[in-house]
Amino acid sequence: MRTRLSPDDEIRVIIETNVTLLHRLPWHLWYFFEDYRNAEVALSSQNYEHPLILPRSPTGKVKILAIFGNSNGIDVNKDQSLLKGLESAQTKFLVEPTRRELNEQLWNQDWDILFFAGHSSSQPDGSTGQIYLNQTESLTIPQLKNALQASISRNLKLAIFNSCDGIGLARNLADLHIPQIIVMREGVPDLVAQEFLKHFLFAFAGGKSFYLAVREARERLQGLENNFPCASWLPVVCQNQTVVPVTWQELRGSFNNSRRQYSLWNVLLSTAIVAASVLGLRYLGVFQTTELQIFDQMLRLRSPEEQDANLVVVEVTENDIQTRSQEPRRGSKSISDISLAKLLNKLQQYQPRIIGVDIYRDSTDPVEQSNSFDLTTELSQDNVVAVCKGKDSKHDPHGIKPPSGVPQDRQGFTDAIADPDGIIRRQILMMAQEPSSFCATPYSLSLQLAARFLFDYKGIEHKFSEDSDYVQFGSTVFKRLKPGRSGGYQQQVDLGGIQILANYRAADFQKVSLEDVLSDAITPDLIKDKVVLIGVTANSNSDAWTTPYSTMQQPYQEVAGVFIQAQMVSQILNAVLEQRTILWVFPFWGDILWICGWSLTGSLIYWRIHLLLAQASALIGTVIILYAVCTVLLLIIGVWVPFIPSAFAIVTSSVIMIVLKQSHSYSTS
């Protein structure tokens, strides 16, 4: 101890034991305390916990409940005078109260200090102590347990029993986890008790720390030892080790400025450090994969939705391909031009609003014709939109041409950009094509189909911002994800063009096969006035992708590209016609404020809550609340806010507060 501690340090030496004999030893006679004048000894039970204390508004006064019990043979008037003389205290005096009166005061009022003067005693083994309230009633601490616990929870910080033989009282009060107790370890004469109280109150209320005030008051009793041997041995402190000793200023509510500023500085410091670190890690893409996975998980919590009544998908199945395997066609994974022409001709008879052909027909290949059906003729209809593919420097250096004879205003690209984990979470509405690309249209197939349907069906026109920042239909605006970094996308992601988050519909689409249409196995109402999408869904087709809903199955189930296009068309239509939620993200500064706010929450948890179990419960509860808030915001309002960085900030802020608290406690212990 001497190699670690300085004689100038204020030191608390705490004897932690449940052995009563050790409680009665005069520990202050240890020569250590002669050399270390700012040290004082205290006793502690081996069973201690931090009391659960409710916040209380400061009053500027120390609230004292002073109980004067049976005073036969002793004079308590001096004690009353000393307490009345405290200008910064508000004292309630109970003179020889009944048990009921004392119980009511403890339950109904908030107290900082509980004071007792009168007769008391303890069992020889120190297990139980009792106080004598009046001429007929005595009371043990366990008989006041509920009332005392209620008072402790409302900030009762100190109990002073200026009465005889208080070791049993101290042990019983320690079981209730009261912060500090002062008792007399043996019988105490009137004058000794009065002198101790006078000197303690003068030093403590004068600004000295609790322990130094006790030591000064105890040592002053040495002057009485000619008449009262060992008087300075009598006062003893019992300390709850989870609580920092209180000061008179704190009891008044005017907290020590340096401590308050230090605590607030801890909160602000941990918040700033964690928020900056989390934002830096997020900028580097550390959280991106997990953020995207949580985004998928939240989307899957959406309740099942109804089918989109405005859209139907015509599938070219594996059976359709094999049935027509004898026809001349463009490879083994698609159908012939003749079959596609027949299909378009048949669909036109059912009067669809618009038809999207999500099947490539590169014009460099010869077009098969029959006596009755010509694909070029069918594709020339005003309500048919054909597809092409933009240039891809990695996989396709030129792109795929649209069919010949289809003007650019009826072309739409089908390019899709998968995230690094292979999942399609974004929809491209528009993008500028490179000059060397075979595909020249700046509009996606989904935008072309939705725009034509809305104009033909509702007369709703669309427009674009001059800086290509959004696409607007009437009052519905689709704002793009900002290039570079946006929301959970921070690294290795192309956000060029006008891209939005894909808000997948939690429902399947109406679908029929090519064979169903050609064999007249469908009713006209299924097609009339709808958007019809034609695409290959055969297993042999390589146009298959994963979506957030694909991750519900292992291994991941891929979805045919035509259904991805159907989701994208449906998203636009239902946002415009039904006000279905459009997904969006906070601007960069919004993410910063959001993460900083939750980082501050994590710091405050450990600043305001002291019980370890309560801290852990609050931490877990806060993360659960955060997840619920993020989910509600995504599914109801449509905003995708950072969950993983925020949860990380909460936990990390709490850990840093623990470290700072322990460091501060070590330096002041």
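This one's a predicted model, so the numbers in the text were calculated from it and none came from an experiment. One is the number of the first residue; the rest follow in order along the sequence.
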Inset, instruction - Salt-bridge test for Arg353 and Asp529: reply yes if a basic N is under 4.0 Å from a carboxylate O, no otherwise. - result: yes
Inset, instruction - Side-chain contact test, heavy atoms from C-beta onward, threshold under 4.5 Å: evaluate it for Val536 versus Val562 and give yes or no. - result: no
Inset, instruction - Could you tell me whether Asp469 and Arg480 have a side-chain N and a carboxylate O separated by less than 4.0 Å? - result: yes
Inset, instruction - Of all the heavy-atom pairs spanning Gln579 and Val576, show the shortest one and how long it is. - result: NE2-O, 3.3 Å
Inset, instruction - Could you please spell out the steps behind the side-chain hydrogen bond (donor to acceptor under 3.5 Å, both in side chains) verdict for Glu558 and Thr546? - result: CA-CA 5 Å; Glu558 293 185 329; Thr546 54; over 6 Å; no
Legend entry - Test item: Trp640 side-chain N/O and Leu634 main-chain N/O as donor-acceptor pair under 3.5 Å: no
Inset, instruction - Kindly state whether the ring of Phe413 and the ring of Tyr443 have centres lying under 6.0 angstrom apart. - result: no
Inset, instruction - Please say whether more than 12 non-hydrogen atoms of neighbouring residues, nucleotides or ligands are located less than 6.0 Å from CD in Glu461. - result: no
Inset, instruction - Report yes or no: is the cationic atom of Arg485 (NZ for Lys, CZ for Arg) under 6.0 Å from the centre of the six-membered ring of Tyr283, at an angle within 45° of the ring normal? - result: yes
Legend entry - Sidechain-backbone polar pair: Glu305 side chain, Ala506 backbone, donor-acceptor under 3.5 Å: yes
Inset, instruction - Indicate yes or no for a side-chain donor-acceptor contact from His177 to the backbone of Glu49 under 3.5 Å, with no hydrogens or angles considered. - result: yes
Inset, instruction - Find the distance between OH (Tyr504) and CG (Asp296) and round it off to the nearest 0.5 Å. - result: 9.0 Å
Legend entry - Exercise: do Thr441 and Gln433 side chains pair donor with acceptor under 3.5 Å: no
Legend entry - Ion pair check, Arg252 and Asp112, cut-off under 4.0 Å: no
Inset, instruction - For Thr601 and Gly597, indicate whether the former's side chain and the latter's backbone hold a donor-acceptor pair under 3.5 Å. - result: yes
Legend entry - Pair Gln448, Gln411: side-chain N/O donor-acceptor within cut-off below 3.5 Å: no
Inset, instruction - State, with a plain yes or no, whether a side-chain heavy atom of Thr631 is found less than 4.5 Å away from one of Leu301. - result: yes
Inset, instruction - Check whether any side-chain heavy atom of Leu481 lies under 4.5 Å from a side-chain heavy atom of Trp584, and answer yes or no. - result: no
Legend entry - CZ (Phe453) with more than 12 external heavy atoms under 6.0 Å: yes
Inset, instruction - May I ask you to check whether over 12 heavy atoms, not counting those of Tyr457, lie within 6.0 Å of atom OH? - result: no
Inset, instruction - Work out which heavy atom in Gly487 is nearest to a heavy atom in Arg282; give both atom names and the distance. - result: O-NH2, 2.8 Å
Inset, instruction - Might you point out which heavy atoms bring Glu306 and Ala507 nearest each other, and give the distance in Å? - result: O-CB, 3.7 Å
Inset, instruction - Report the C-alpha separation of Ile354 and Val532 in whole Å, then their side-chain angles, then the decisive distance to 0.1 Å, and conclude whether the side-chain contact (heavy atoms from CB on, under 4.5 Å) test is met. - result: CA-CA 6 Å; Ile354 189 76; Val532 178; over 6 Å; no
Legend entry - Donor-acceptor side-chain pairing of Gln239 and Gln180 below 3.5 angstrom: yes
Legend entry - Distance-only donor-acceptor check, side chains Gln565 and Thr414, under 3.5 Å: no
Inset, instruction - Please check if any side-chain donor atom of Asn574 sits under 3.5 Å from a side-chain acceptor atom of Asp308, or the reverse. - result: yes
Legend entry - Non-hydrogen side-chain atoms of Lys63 and Gln109 separated by less than 4.5 Å: yes
Legend entry - Pair Ile564-Thr547, side-chain contact (heavy atoms from CB on, under 4.5 Å): steps then yes or no: CA-CA 8 Å; Ile564 303 292; Thr547 73; 3.3 Å; yes
Legend entry - 4.5 Å side-chain heavy-atom contact, Leu573 and Val531: yes
Inset, instruction - Could you please spell out the steps behind the salt bridge (charged side-chain N to carboxylate O under 4.0 Å, His left out) verdict for Asp508 and Arg505? - result: CA-CA 8 Å; Asp508 202 354; Arg505 192 177 187 86; over 6 Å; no
Inset, instruction - Output the distance between atom CD1 (Ile178) and atom OG (Ser151), rounded to the nearest 0.5 Å. - result: 7.5 Å
Legend entry - Interatomic spacing from CZ in Arg425 to CG in Leu292 - rounded to 0.5 Å: 4.5 Å
Legend entry - 4.5 Å side-chain heavy-atom contact, Ser209 and Glu10: yes
Inset, instruction - Quick one: pull up CG in Asn155 and CH2 in Trp111 and give me the separation to the nearest 0.5 Å. - result: 14.0 Å
Legend entry - Any donor-acceptor N/O pair, Ser599 side chain to Ile595 backbone, under 3.5 Å: no
Inset, instruction - Would you check if the side chain of Glu250 reaches a backbone N or O of Thr247 as a donor-acceptor pair within less than 3.5 Å? - result: yes
Inset, instruction - Could you pull out the closest heavy-atom pair between Phe478 and Phe473, with the gap in Å? - result: CE1-CD1, 3.8 Å
Legend entry - Test item: side-chain donor near acceptor, Asp419 and Tyr489, under 3.5 Å: yes
Legend entry - side-chain contact (heavy atoms from CB on, under 4.5 Å) between Ser646 and Phe287, intermediate numbers included: CA-CA 11 Å; Ser646 303; Phe287 303 113; over 6 Å; no
Legend entry - Value rounded to 0.5 Å, distance of CG in Asn310 from CD in Gln510: 9.5 Å
Inset, instruction - Decide if the gap between the ring center of Tyr470 and the ring center of Phe464 is smaller than 6.0 angstrom. - result: no
Inset, instruction - State whether the side chain of Ser444 and the backbone N or O of Leu447 hold a donor-acceptor pair below 3.5 Å, judged by distance alone. - result: yes
Inset, instruction - Test the Arg300-Phe295 pair against the cation-pi criterion, namely NZ or CZ under 6.0 angstrom from the six-membered ring centroid and within 45° of the ring axis. - result: no
Inset, instruction - Using distance alone, with no hydrogens and no angle criterion, decide if Ser653 and Ser270 have a side-chain donor and acceptor under 3.5 Å apart. - result: no
Inset, instruction - Report yes or no: does Tyr360 contribute a side-chain atom to a donor-acceptor pair with the main-chain N or O of Pro402 at less than 3.5 Å? - result: no
Legend entry - Ser570 to Leu311 - nearest heavy-atom pair and separation: N-CD1, 4.3 Å
Legend entry - Residues forming a salt bridge (charged side-chain N to carboxylate O under 4.0 Å, His left out) with Arg452, sequence neighbours excluded: none
Inset, instruction - State, without any angle test, whether Arg426 and Gln499 hold a side-chain donor-acceptor pair at a distance under 3.5 Å. - result: yes
Legend entry - Contact check, side chains of Leu501 and Val585, non-hydrogen atoms, under 4.5 Å: yes
Inset, instruction - Establish, from distance only, whether the side-chain atoms of Arg302 and Asn503 form a donor-acceptor pair under 3.5 Å. - result: yes
Inset, instruction - Would you indicate whether the side-chain heavy atoms of Leu533 and Phe509 approach each other to under 4.5 Å? - result: no
Inset, instruction - Start with the C-alpha gap between Ser446 and Gln427, add the side-chain angles, then the distance that decides, and say whether side-chain hydrogen bond (donor to acceptor under 3.5 Å, both in side chains) holds. - result: CA-CA 9 Å; Ser446 58; Gln427 174 178 354; 3.2 Å; yes
Inset, instruction - With rounding to the nearest 0.5 Å, note down the distance linking CD1 in Ile355 to CD1 in Ile534. - result: 5.5 Å
Inset, instruction - Would you name the heavy atoms of Phe210 and Pro245 that are closest together and state the gap between them? - result: CB-CB, 4.4 Å
Legend entry - Pair Cys388-Phe438, side-chain contact (heavy atoms from CB on, under 4.5 Å): steps then yes or no: CA-CA 8 Å; Cys388 59; Phe438 288 156; over 6 Å; no
